[in-house]
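Quick notes on the structure that follows.
It should be emphasised that the depicted structure is a prediction, and the values quoted were computed from it without experimental measurement. Naming: A, B, ... by sequence-line order, numbering from 1 per chain.
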Amino acid sequence: MPELPEVEAVCRRLRAEAIGAGIVQLRVERPRTTWPQRPSWVERQVAGSILERVERRGKHIVLRLSGDRAIRVHLRMTGKLYVIPDVRFRPPATRAWMELSGGRGLIFEDSRALGKLHVYRGRELDQALEDLGIEPLSKEFTAGWLVAAASRSRQPAKLFLMDQRRVAGLGNIYAAEALFRAGIHPARPVNRIRRSRIEALHRVIRSLLEEAVASAVLAYSEPGAVGEAESFPCAVYGREGAPCERCSRKIRRIRQGGRSTYFCPGCQRSSSHSG
DNA sequence: TCGATCCTGTAG
DNA sequence: CTACAGGATCGA
């Protein structure tokens, strides 16, 4: 379920609930979850360590452990990572889990089982993350950076935004929402978009993500909330056929890179001369 | 740069 | 039954 804002919410909650906890044991229920690492090896690396820090890089969750170990979790489409009070009561779709000190459980639940969990020692983690692009909420992500990156690519705007090697953390929803706010047609090659509009795109990516993080954190802090942060009010995503909130034209859906793209044909024109 | 693929669940 | 799902990777 997660893009950057939801992953960020998960990280914050884990920090509040699990920092300092001992990891009594890790169990991998599904070998493919840690592939190509062997489950038995992964389990051995982690047992007996302390959870010291929780970090986010793009859509990846990094659990820093004592003993110079790190766990990297990617939730993909349907993954959830959360603490339960009693490790004995695990949901059916649990793909991996940790017994924390005191009998609590850290659960990696994932109905579609596309999510991943890997363990790294020392510097190995940096290698695993080296292909990831810039953090869109960092100070390095400037308008100038985006203008330069866009000028070097002929990719359609939406695929450009979703390319994790460029900007890390945007997915199908927030890429579409950002393009709507910036008034950019999702199929438009990024190197043919006016500079001022790329600068606008930079601004809306920031504000959109900040809003979405706030919204996800709020939704995810509700008691009982376990994985969902489906609270963000989308202007285009999932609204095919509904009227655009700005111009009342019908939201359209097209296919890009095998995925659905939603956009407003009135607010996001193929030519750069839209209003 | 595209399509197929990895999986399971749900909606139509 | 088919289509689709907030992701990423692989081979053609």
Side-chain angles (χ1 to χ4, degrees), chain A residues 1-11 28-37 56-61 72-82 91-96 108-118 127-133 136 152-180 186-191 205 208-209 211-213 215-217 219-220 225-242 251-263:
Chain A
M1 32 154 294
E3 298 182 28
L4 184 153
E6 293 77 32
V7 174
E8 178 64 26
V10 168
C11 288
V28 178
E29 303 282 9
R30 189 128 179 179
R32 195 152 253 162
T33 299
T34 57
W35 181 263
Q37 297 180 346
R56 179 189 59 73
R57 182 74 175 89
K59 302 174 193 169
H60 300 254
I61 299 165
R72 176 176 61 118
V73 175
H74 198 302
L75 303 174
R76 294 280 182 98
M77 303 282 263
T78 51
K80 303 178 191 340
L81 188 65
Y82 57 92
T94 299
R95 307 309 182 191
F108 182 20
E109 183 190 356
D110 186 8
S111 62
R112 275 176 84 176
L114 297 172
K116 298 292 174 204
L117 183 153
H118 295 283
Q127 256 183 49
L129 296 174
E130 69 185 355
D131 286 341
L132 275 185
R152 280 184 257 110
S153 171
R154 277 170 280 183
Q155 272 190 303
K158 172 144 174 291
L159 298 183
F160 174 85
L161 289 183
M162 288 181 66
D163 187 342
Q164 302 298 301
R165 296 168 303 188
R166 293 222 161 72
V167 180
L170 289 173
N172 207 30
I173 291 181
Y174 296 111
E177 294 296 311
L179 291 172
F180 169 76
R188 181 147 239 269
V190 282
N191 62 341
I205 286 172
L208 173 70
L209 289 179
E211 286 169 38
V213 166
S215 162
V217 165
Y220 195 45
V226 145
E228 281 307 308
E230 164 80 37
S231 55
F232 192 79
C234 290
V236 289
Y237 180 82
R239 299 192 62 237
E240 182 184 18
I251 303 299
R252 288 193 33 198
R253 180 164 70 97
I254 58 176
R255 200 152 266 280
Q256 285 185 294
R259 330 245 343 242
S260 286
T261 294
Y262 299 85
F263 71 102

Rounded to whole Å, the CG-C1' distance (Leu170(A) to dG7(C)) equals 13 Å

Per nearest nucleotide of DNA chain C, the residue lying toward the 5' end, Gln164(A) or Gly258(A), is Gly258(A)

#### Entry: Inter-nucleotide P distance (dA5(C), dT1(B)), Å rounded
22 Å

When rounded to whole Å, the NZ to P distance for the pair Lys59(A) and dT9(C) reads 10 Å

*Looking only at side-chain N and O atoms, does Arg112(A) come under 4.0 Å of OP1 or OP2 in dC6(B)?*
no

- Item | Donor on one side chain, acceptor on other, Glu6(A) and Tyr174(A), under 3.5 Å | yes

* Glu29(A)/Arg95(A) salt bridge by N-O under 4.0 Å criterion -> no

- prompt: Any side-chain donor paired with an acceptor under 3.5 Å for Tyr82(A) and Glu109(A)?
  reply: yes

Arg255(A) CZ to dG7(C) P, in whole Å, measures 13 Å

Would you say the side chain of Leu4(A) lies within less than 4.5 Å of the side chain of Arg56(A), judging by non-hydrogen atoms? yes

Here the distance between atom P of dC10(C) and atom CG of Asp131(A), to the nearest Å, is 11 Å

Is there a side-chain contact between Arg253(A) and the phosphate of dA3(C), meaning an N or O under 4.0 Å from OP1 or OP2?
no

Open item on the list: Roughly how many Å apart are dC1(C) and dC6(B), using the C1' atom of each and rounding to a whole number?
Closed with: 22 Å

Of dG7(C), dT1(B), dA5(C), the nucleotide closest to the side chain of Tyr262(A) is dA5(C)

| message | Can you tell me if Tyr174(A) touches the phosphate of dG7(C), counting only side-chain N or O atoms and a distance under 4.0 Å to OP1 or OP2? | response | no

* Please examine the side chains of Phe108(A) and Lys80(A), heavy atoms only from C-beta on, and report whether any two atoms are closer than 4.5 Å. => no

note: Arg165(A), atom CZ; dG7(C), atom P; distance rounded to Å ~ 16 Å

Taken to the nearest whole Å, NZ/Lys116(A) to C1'/dC6(B) is 7 Å

inquiry  = At less than 4.0 Å, is any side-chain N or O atom of His74(A) found next to OP1 or OP2 of dA8(C)? Yes or no.
reply    = yes

* To do: Output yes when at least one side-chain N/O atom of Ser260(A) is less than 4.0 Å from OP1 or OP2 of dA5(C), else no.
  => yes

Separation of dC6(B) atom P from Arg30(A) atom CZ, nearest Å, is 12 Å

Rounded to whole Å, the CH2-P distance (Trp35(A) to dA8(C)) equals 21 Å

